[in-house]
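Residues: numbered from 1 along the sequence shown.
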Amino acid sequence: MAWSIGMLDQRVTIRRKTSTKDGAGGSVTAWSDYTTVWAHVRPLRGRERDQAMRTEGVADYLVVIRNRDDLLDDDVIHWRGRDFNIR
């Protein structure tokens, strides 16, 4: 499918993991907003699975943004109050 710029109709935030020293020899890890970009977001599929004696809902989403060369493997996309791993 060819994507046009007009299809990027949702704002998503790319979050990046940051570590700061805690002063006691350790570090504290937190997520901070890296940038906000326009995106096309749509659900691909959903399913339920049983894990640890409970049912858990799992959904996969397709998120399309303009090409970037500054994303890291452990960045996440934040959209509508939820964080999504980038694959």
Using distance only, find each side-chain donor-acceptor pair of residues 80-87 under 3.5 Å and give its atom names and separation, not counting sequence neighbours.
| from | atom 1 | to | atom 2 | distance (Å) |
| --- | --- | --- | --- | --- |
| Asp83 | OD1 | His78 | ND1 | 2.6 |

Path from Val64 to Leu44 over hydrophobic side-chain contacts below 4.5 Å: yes

What residues, two or more places apart in sequence or in another chain, satisfy side-chain hydrogen bond (donor to acceptor under 3.5 Å, both in side chains) together with Arg45? Asp60

Less than 3.5 Å apart, any donor N or O on the side chain of Trp79 or Gln10 sitting next to an acceptor on the other? yes

Between side-chain atoms of residues 29-37 and protein atoms elsewhere (two or more places apart, or another chain), which donor-acceptor pairs fall under 3.5 Å?
| from | atom 1 | to | atom 2 | distance (Å) |
| --- | --- | --- | --- | --- |
| Asp33 | OD1 | Arg15 | NE | 3.1 |
| Tyr34 | OH | Asp70 | OD2 | 2.9 |
| Thr36 | OG1 | Thr13 | OG1 | 3.3 |

For residues Ile14 and Val41: do they belong to one hydrophobic cluster (side chain heavy atoms under 4.5 Å, members Ile, Leu, Val, Met, Phe, Trp, Tyr)? yes

I would like to know whether Leu8 and Arg66 meet side-chain contact (heavy atoms from CB on, under 4.5 Å); could you show each step before the answer? CA-CA 9 Å; Leu8 306 180; Arg66 294 185 75 180; 3.7 Å; yes

Taking a hydrophobic cluster as the set of Ile, Leu, Val, Met, Phe, Trp and Tyr residues connected by side-chain heavy atoms closer than 4.5 Å, whether directly or through intermediates, do Val63 and Leu71 fall within one such cluster? yes

Counterpart residues, salt bridge (Lys or Arg N to Asp or Glu O under 4.0 Å), relative to Arg16 (two or more places apart): Asp75

Listed by chain and number, what are the side-chain hydrogen bond (donor to acceptor under 3.5 Å, both in side chains) partners of Thr55, not counting sequence neighbours? Asp50

Salt bridge (charged side-chain N to carboxylate O under 4.0 Å, His left out): which pairs involve residues 22-32, sequence neighbours left out? none

